[in-house]
Amino acid sequence: MLLLGTFLTLLTSINALPVPPAAHFPVPPAAPFTNNFGAQLEWVDCTVNVPAPVQQQFNVTTWNATGLPTLPSTLACGHLTVPLDYSAPISDSNNITLGFAMHRPGNASQLLNFNPGGPGLEAASFAWGIALNSSSSAMFDGVLDQDFLAVDVRGVGQSNPLNCSLVAASQIPIALPTDAASFAAYQASVAAFAQSCVTGSSPPGIVQHVGTQEVAQDWNTLMNALNYTKMNFLGVSYGTFQAAEYASRFPESVGNFVLDAVLSHATVDQIAVADQITAVNRLVLRADDFCQSDPSCPFKDQGNGSVPEAFTKVIQMAENGSFSDLNVTATLAKFALYYTVNSSPDFPKFNLALSQALNGNATLLVPDPVIMLEIVNVLPIICADEAGDDNTLGGLVKLNQSASAVDTLGFQYSQFWQLRLMCTAWPFSARPKQTLHVQSPMLFVTADYDLNTPTELATLQWQDQSPQSTLVVRHGDDHGTTMLAGQPASQDAIAFLSSGTIPQPTEQQLVSVYAPGSQRPPVTPPYVAPIGKDAGDLSTVETISF
């Protein structure tokens, strides 16, 4: 989904081996923390507060079954009760409880807050992953001497998760409306989904208070509750949007902040949509480039340009009704192909889908309904965070026109476009767009071929709103970089989180670094940028160096 992607799979390989006890961290104070909001901190038993991904991995509900690893003393779990609405004091009718987990190595002098984005990805399991020697914990090597905090943002995981109807979500069409009647029907389906969230979620009113403004305040309240005055931060994808909000509101508390796969604030809708259309066109050319290095590619013997040509032919076939037996229209085919190159692009699957379709088999062009459900489930957060520039049908037509101007292949689909459309029907008002000016020196990390958050958005936030920050560009695919342990760009990020060391400007094959105030050149073009594992790509087929 929008910003979901790579991190969804990082906890699937926890090693179920006994973990030796680590040095015990200082016992948290028995007295609950309180501040002017009336917030309360409570340390809880981890064995009965197991995050859902860990429960699923080990098929347990509580951590007391025979054969499970011993939880090390470095793992701590807690609850923080804060106001649901920060404009009023905490009370019986105005409170929400946030769940979090920590890796606390003992004698730590720094706090590192990690958010995997989404929006709405559960976070606490990442602290558990460290405790249980998950393979994903390698991405944090170099910063595990810090207090590692992973808090589920409100409305997610162990923090009063929203409860929205999957049935209502499934009724929202994949096809984008083209006239007033289909626009009204689309909005009605979104409104029904929104009402299901209101009806099914608790406490009452939570759907109106899950935005980034509240999340930033929650983080600051929890930081103070842990007796820190500053925190380091690693945010991925939508976590970068929330991190920039925090840095703007609480500059005195900003430590070493890394924003990976950046979603910028106050971006004009037409620019955001056009950037994503540009990105998906780049990825089709990237698939074409990959084909010439992939022995299994069905277009390999046809040379460069064969994949874009096949894409055009397949879409024309769909428009002509060639796949009517599977009800695959051109719109649905584009949707399915779009999500093949989203997050961690699967170029072989993209190319195979085109090849099979050309031969009459369109099964890989049938959209996965789960994708649509994932997109819909982020609406309460996204629709609260920034108002659209023009929520009318006319405004959406303009979005399509701006996208068409850069849509060389005629893809005509953007996730940003679809989310913007959905938010036109959200029943609660969104915050007006606000340009942030963050003076704290931060590290922005982006990848040339990221579709979820196109690299242009990182450049925009870096140049226009964070004049003291440094930009690190990884010349490769995939959504997110810091999970790529050992890659030059991720090493730069870890060094900055650990010591505040700012990487020096450089131009290399795999990574480029740009100092504050400098100019970033155009994106490394397809057929020039490196491909394969050396570029840091995560797709399972990209496990060799080309």
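A side-chain donor-acceptor contact under 3.5 Å links Thr524 and Asp448. Looking only at atom types and distance, the side chain of Thr340 has no donor-acceptor partner in the side chain of Asp346 under 3.5 Å away. In summary, the side chains of Gln292 and Lys300 do not present any donor paired with an acceptor at a separation below 3.5 Å, with no hydrogens or angles considered. Between the side chains of Asp450 and Thr453, at least one donor N or O lies within less than 3.5 Å of an accepting N or O. Between the side chains of Asp147 and Tyr228, a donor-acceptor pair is found at a separation under 3.5 Å. Between the side chains of Ser137 and Ser134, no donor N or O sits under 3.5 Å from an acceptor N or O. Side-chain contact check for Ser343 and His479: no donor-acceptor pair (N or O, by modelled atom type) lies under 3.5 Å. With 3.5 Å as the limit, one finds no donor-acceptor pair spanning the side chains of Thr212 and Glu245. Side-chain contact check for Asn232 and Gln110: at least one donor-acceptor pair (N or O, by modelled atom type) lies under 3.5 Å.
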**Request:** Quick one: do Leu259 and Leu443 satisfy side chain to side chain contact (heavy atoms under 4.5 Å, CB included)? Show the steps, please.
**Result:** CA-CA 6 Å; Leu259 280 61; Leu443 200 66; over 6 Å; no

**Request:** Apply side chain to side chain donor-acceptor pair (under 3.5 Å) to the pair Ser125 and Glu122, showing each step before the final yes or no.
**Result:** CA-CA 7 Å; Ser125 55; Glu122 180 275 344; 2.5 Å; yes

**Request:** I would like to know whether Ser512 and His475 meet side chain to side chain donor-acceptor pair (under 3.5 Å); could you show each step before the answer?
**Result:** CA-CA 8 Å; Ser512 295; His475 302 306; 2.8 Å; yes

**Prompt:** ring-ring contact (aromatic ring centres under 6.0 Å, His included) between Phe114 and Phe140: does it pass, once the steps are laid out?
**Reply:** CA-CA 10 Å; Phe114 171 70; Phe140 304 114; 5.1 Å; yes

**Message:** side chain to side chain contact (heavy atoms under 4.5 Å, CB included) for Phe241 and Ser264? Distances and angles first, verdict last.
**Reply:** CA-CA 6 Å; Phe241 188 90; Ser264 58; over 6 Å; no

**Request:** Would you sort out whether Arg420 and Glu386 count as a salt bridge (charged side-chain N to carboxylate O under 4.0 Å, His left out), showing the intermediate values?
**Result:** CA-CA 10 Å; Arg420 183 70 266 146; Glu386 285 195 329; over 6 Å; no

**Request:** Let me see the working for Thr278 and Arg282 under side chain to side chain contact (heavy atoms under 4.5 Å, CB included), right down to the final yes or no.
**Result:** CA-CA 6 Å; Thr278 298; Arg282 278 196 298 251; 3.6 Å; yes

**Message:** Evaluate Gln302 against Glu309 for side chain to side chain contact (heavy atoms under 4.5 Å, CB included), listing each step before the verdict.
**Reply:** CA-CA 10 Å; Gln302 299 177 31; Glu309 181 180 350; 5.6 Å; no

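Heavy-atom minimum distance, Pro119 versus Ile382: CG-CG1, 3.7 Å. Looking at every heavy atom in both residues, Leu379 comes nearest to Cys423 through CD2-SG, 4.4 Å. The nearest pair of heavy atoms linking Val314 to Leu365 is CG1-CD1, 3.7 Å. For the residue pair Asp260 and Thr481, the shortest heavy atom distance occurs at OD2-N, 2.9 Å. The heavy-atom pair separating Pro432 from Ala387 by the smallest distance is CA-CB, 4.3 Å. Closest approach of Val258 to Ala493, counting heavy atoms only: CG2-O, 3.8 Å.
Taking CG of Asp390 as the start and CD of Gln270 as the end, the distance is 9.0 Å to the nearest 0.5 Å. Atoms OG1 and CG, on Thr408 and Leu285 in that order, are 6.5 Å from each other to the nearest 0.5 Å. To the nearest 0.5 Å, atom CG of residue Leu471 and atom CH2 of residue Trp462 are 5.0 Å apart. Atom CG of Leu112 is separated from atom CD of Gln146 by 5.0 Å, given to the nearest 0.5 angstrom. Here CG of Leu80 is found 9.0 Å from OG of Ser159. Values are rounded to the nearest 0.5 Å. Atom CD1 in Ile277 sits 4.5 Å away from atom CG in Asp407 (nearest 0.5 Å).
Ring geometry, Phe347 versus Phe290: the interplanar angle falls from 30° to 60°, so the pair is classed tilted. A tilted orientation is assigned to the rings of Trp219 and Tyr246, their planes being inclined by 30° to 60°.
Classification of Arg286 and Asp477 as a salt-bridged pair holds, one side-chain N sitting under 4.0 Å from a carboxylate O. Under 4.0 Å is where a charged nitrogen must lie from a carboxylate oxygen, and between Arg520 and Glu456 no such pair does.
Using modelled atom types, one side-chain atom of Asn256 and one backbone atom of Phe496 make a donor-acceptor pair closer than 3.5 Å. Proximity of a side-chain donor or acceptor of Asp294 to a complementary backbone N or O of Ser296 within less than 3.5 Å is detected. In this structure, the side chain of Asp389 does not engage the main chain of Val268 through any donor-acceptor pair within 3.5 Å. A donor-acceptor pair under 3.5 Å is formed between the side chain of Gln465 and the backbone N or O of His265. Checked by atom type and distance alone, the side chain of Ser499 pairs as donor or acceptor with a backbone atom of Ala495 at under 3.5 Å. With Asn400 contributing its side chain and Leu396 its backbone, the two residues share no donor-acceptor pair below 3.5 Å.
Under the 4.5 Å side-chain criterion, counting only non-hydrogen atoms from C-beta, Gln213 is not in contact with Val215. Looking at heavy atoms from C-beta onward, Asn113 lies out of side-chain contact with Met223 at the 4.5 angstrom threshold. Counting heavy atoms from C-beta outward, Pro72 and Thr74 have side chains that approach closer than 4.5 Å. In this structure, the side chains of Gln461 and Met442 stay at 4.5 Å or more apart for every pair of heavy atoms. For the pair Asn351 and Pro348, the minimum side-chain heavy-atom distance is 4.5 Å or more. The side-chain heavy atoms of Arg474 and Thr446, taken from C-beta on, include no pair separated by under 4.5 Å. The closest side-chain heavy-atom distance from Val153 to Asp218 is not below 4.5 Å. Side-chain contact between Val236 and Asn115: absent, with no pair of heavy atoms (C-beta onward) separated by less than 4.5 Å.
Open room surrounds NZ on Lys313; 12 or fewer heavy atoms of other groups in view lie less than 6.0 Å from it. Summarising the local packing, CD of Glu252 is surrounded by more than 12 heavy atoms from other residues, nucleotides or ligands at distances under 6.0 Å. Within 6.0 Å of the NZ atom in Lys433, the count of heavy atoms belonging to other residues, nucleotides or ligands exceeds 12.
Each ring-ring contact (aromatic ring centres under 6.0 Å, His included) pair with one or both residues in residues 499-533, not counting sequence neighbours, would appear here, but there are none. Annotation: disulfide bond (SG atoms under 2.5 Å apart) contacts involving residues 112-158, sequence neighbours excluded, are absent.
Aromatic ring centroids of Phe311 and Phe411 lie under 6.0 Å apart. Two rings, from Tyr338 and Phe335, have their centers 6.0 Å or more apart.
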